[in-house]
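Reviewing the structure listed below.
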Amino acid sequence: MTLTFHWFLPTYGDSRHVVGGGHGTPVGGAGGDRPATLGYLTQIARAAEELGFVGALTPTGAWCEDAWLTTAMLAQTTERLKFLVAFRPGSVSPTLGAQMAATFQRHSGGRLLLNVVTGGESHEQRAYGDFLDKDARYARTGEFLHIVRELWAGKTVDLDGEHLRVEGAKLGRLPDPVPEVYFGGSSPAAGDVAARYCDVYLTWGEPPAAVAEKIAWIRGLAAKEGRTVRFGIRLHVIPRDTAEQAWAEAQRLLDGFDPAAIAAIQAGLARSESEGQRRMLALHGGTTGDLEISPNLWAGIGLVRGGAGTALVGSHTEVADRIAEYHALGIDEFILSGHPHVEEAYWFGEGVLPLLKARGLWTHPLDTVPGGRDTAPAAVPFAGQR
């Protein structure tokens, strides 16, 4: 199976240094030297689609711009790139959510993917008017996805659930194609929802042995439901022409971390209810020593950022080797990012993707359509690629 690569849209700002965010980051706590304007995000998105990334993940939370509105605008400035829109089921009714997705598909030419985020921080959920605890939020997510999938199948839905209730719900127009559902979570409650409803189960970047355990866990749960799911992984990347250059860049980023900021961010993340966040924190323990937790897997990002906290660091060949290693475990989709997001997209797209193509693991999306890249629009130019 050909690997699928997605990039990331930093809708909270970008920089040549790591910009924090996620999992309870205070409002206004993110942001960088490059504001997340529509023009700048367009540069990232156009670069990603030119290089061969299939989609781009857009985060959700009080610390970033709204994912639905931002990607709806970016769909008008791009040609092919799909948008993996992170959204929280508790913020809209399931019927409205299903309708929004169907409308997005029509107006974007079928370029919507959905990343369902249940929400791991009760205090942030309460800010949005959601007062359920974590397990109840996962139960509600299951009800939400049940309703949405029934609606997308053209059915009329009546459900009197524990958390959601609809009567005579039906869509006037169905999405075409039906958006794929991406879902992550490391708790038992998350596994049950993933097994029943997701198309792609996502994990943050842990060492291969830990990722293999997660794949086996979800695969077993899905089999009990009579389903199969695909698997994806969320990672940062720092590829360079040589390993020495890559690790020098990782060290430059690490040198820019203020020890006081590390302490404050780690204290906040330690209060997280997310099992996935707990696993991220355990990889580095809040200290700056021994951050290469597995060959070419660096946990430094997680010192100052919630959520995905690891990066693949090394020469282009080493990074390609690690991707092939994860693929051998069952990972078919990779959601990647790097600071700054324009430049790092090119480092990866020009350095690593050709190696994977030579190994028969990846094909540029345009190479599979008539006319190929000869008929594709040129990427938007930008200043200071490297």
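Note that this is a predicted model, so its numbers are computed, not measured.
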Tell me whether [X] contacts the main-chain N or O of [Y] through its side chain, where contact means a donor paired with an acceptor under 3.5 Å.
X      : Y      : result
Gln266 : Leu303 : yes
Gln105 : Gly109 : no
His6   : Gly55  : yes
His236 : Ala308 : yes

Gap separating the [atom1] atom of [X] from the [atom2] atom of [Y], nearest 0.5 angstrom:
X      : Y      : atom1 : atom2 : value
Glu50  : Tyr346 : CD    : OH    : 6.5 Å
Leu57  : Leu84  : CG    : CG    : 5.0 Å
Phe131 : Arg137 : CZ    : CZ    : 11.5 Å
Trp204 : Lys214 : CH2   : NZ    : 8.0 Å
Leu253 : Ile238 : CG    : CD1   : 5.0 Å

Does [X] have any ring-ring contact (aromatic ring centres under 6.0 Å, His included) partners at least two apart in sequence or in another chain, and if so, which?
X      : result
His339 : His341
Tyr326 : none
Tyr201 : none

Could you go step by step and tell me if Arg106 and Thr103 meet the side chain to side chain contact (heavy atoms under 4.5 Å, CB included) rule? CA-CA 5 Å; Arg106 282 192 296 278; Thr103 299; 3.5 Å; yes

In terms of heavy-atom contacts, does CG of Asp290 have more than 12 from other residues, nucleotides or ligands at under 6.0 Å? no

Look at the side-chain heavy atoms of Ile, Leu, Val, Met, Phe, Trp and Tyr, link any pair under 4.5 Å apart, and say whether [X] and [Y] land in one connected group.
X      : Y      : value
Leu361 : Leu355 : no
Leu112 : Val54  : no
Leu132 : Val92  : no

For Glu275, give me all partners under side chain to side chain donor-acceptor pair (under 3.5 Å), at least two apart in sequence or on another chain. Arg278

Asp332: which residues meet the side chain to side chain donor-acceptor pair (under 3.5 Å) condition with it, sequence neighbours left out? His327

Parallel, tilted or perpendicular, judged at 30° and 60°: which one describes the rings of Trp247 and Trp298? perpendicular

Salt bridge between [X] and [Y], side-chain N to carboxylate O under 4.0 Å?
X      : Y      : result
Glu333 : Lys82  : no
Glu249 : Arg252 : yes
Arg140 : Asp130 : yes

Apply side-chain hydrogen bond (donor to acceptor under 3.5 Å, both in side chains) to the pair Arg234 and Ser337, showing each step before the final yes or no. CA-CA 8 Å; Arg234 173 78 178 93; Ser337 58; 3.0 Å; yes

Closest heavy-atom pair and its distance - Leu41, Pro10: CD2-O, 3.8 Å

Heavy atoms of Thr2 and Trp362 approach each other most closely as CG2-CA, 3.7 Å

Tell me which donor-acceptor pairs under 3.5 Å the side chains of residues 153-163 have, and how far apart each pair is, sequence neighbours excluded?
| unit_1 | atom_1 | unit_2 | atom_2 | d |
| --- | --- | --- | --- | --- |
| Lys155 | NZ | Glu150 | OE2 | 3.4 |
| Asp158 | OD1 | Gly168 | N | 2.7 |

Pairs involving residues 168-181, ordered by first then second residue, that meet side-chain hydrogen bond (donor to acceptor under 3.5 Å, both in side chains) (sequence neighbours left out): Glu180-Arg230

Going by atom type alone, with no hydrogens or angles, which donor-acceptor pairs under 3.5 Å involve a side-chain atom of residues 67-75 and a protein atom two or more places apart or on another chain?
| unit_1 | atom_1 | unit_2 | atom_2 | d |
| --- | --- | --- | --- | --- |
| Thr70 | OG1 | Asp66 | O | 2.7 |
| Thr71 | OG1 | Ala67 | O | 2.7 |
| Thr71 | OG1 | Trp68 | O | 3.2 |

Side chain to side chain contact (heavy atoms under 4.5 Å, CB included) partners for [X], two or more places apart:
X      : result
Arg219 : Ile215, Phe231
Asp192 : Arg196, Leu221
Thr78  : Ala45, Arg46, Glu49, Phe83, Arg111
Pro94  : Phe144, Ile147, Val148, Leu164, Val166

Worked check of side chain to side chain contact (heavy atoms under 4.5 Å, CB included) between Val181 and Trp152: CA-CA 12 Å; Val181 174; Trp152 285 345; 4.2 Å; yes

